[in-house]
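Every number for a ligand or one of its atoms is a count from 1 in the order of the listing.
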Amino acid sequence: MTLLTLASLALALVTRTLASPPLVIQDESQTSFPSVVTETKVPVILGVMSRCPDAVLCESVFDQVLKRVANKVDLSLTFVAHTNTSEPDFGVSCKHGPTECAGNVHELCAMKYAPPTHFWEFVQCQNYQGIDKIGQPDTALKCANTAQIDWVNSGVGDCAGLDGSGKAPEGVLLLQNSAKATAELGIEKSCTILINGKQVCIHDGTWKQCENGHNVHDFVRQINHEYNKLNGNRNGEEDDF
Ligand SMILES: *[C@@H]1O[C@H](CO)[C@@H](O)[C@H](O)[C@H]1NC(C)=O
């Protein structure tokens, strides 16, 4: 037997050993987990600035909307801010100052690392403290506690700064990327509402460009409509009103 033959024999054995088990595992998984029906949630994006009265208003309207259609929605915030390499801490300028940038970072880090319901409770808590408190370290820590977010162990604190400064590298990067994404979505005003990728309404002092309405029922109706479209459900109009 040549060395080459030995080598190929060994290779063949190894290949068989490696190849067989995954086939068995795959068979098992196919029988234990038969076709799981996955519903597609409707992406809802709010273009906001953390210390903006229009954002606080939109977020309070969507708090009501979520009470009706929480399980049909994938809600996220994207932040209006402008890249500015002269800004020492954030690399972006926020309309309501660096404290707003910090507030944006707090919310982005909560969005990334906390479960959606806790993230949303965190945002509502920040808003409830009053606009001049948003972005302050003690507000973030207090609201994390209220929203059952473990600041130290969840990842939110590492992202935003354990001291609550909002200036930790990961959070700052999230803010810079969010500002770019906002611009790419064509969002300029806080608050701008996108439902399933379509801009449906703006609140900028007053409601603007809200063709299909701007109250809680109107948003719920539009979300149900998009949800039914995404999930091919023609009989799902019962939630429309
Ligand atoms: C960029 O940041 C610097 C430093 O804070 C500030 O003075 C300047 O006004 C900012 N520029 C813009 C366009 O916001």
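Of the protein's heavy atoms, none falls inside 4.0 Å of atom 9 (O) of ligand 1.
Across every non-hydrogen atom of Gly161 and Ala168, the tightest pair is N-CB, 3.4 Å.
Looking only at protein heavy atoms, the nearest one to atom 5 (O) of ligand 1 is Glu87 OE2, 3.0 Å.
Atoms of ligand 1 found under 4.0 Å from any heavy atom of Ser86 (numbered from 1 in listed order, with element): 2 (O), 3 (C), 4 (C). Near Ser93, the atoms of ligand 1 lying under 4.0 angstrom from a non-hydrogen atom of the residue are 1 (C), 10 (C), 14 (O). Near Asn84, the atoms of ligand 1 lying under 4.0 angstrom from a non-hydrogen atom of the residue are 1 (C), 2 (O), 3 (C), 8 (C), 10 (C), 11 (N), 12 (C), 14 (O).
Of the candidates Thr182, Asn104, Asn177, Thr182 is the only one forming a side-chain hydrogen bond (donor to acceptor under 3.5 Å, both in side chains) with Thr78.
Under 3.5 Å, the side chains of Gln222 and Tyr227 contain no donor-acceptor pair of N or O atoms. With hydrogens and angles left out, the side-chain atoms of Ser50 and Glu107 include no donor and acceptor closer than 3.5 Å.
The SG atoms of Cys109 and Cys159 are placed within less than 2.5 angstrom of each other.
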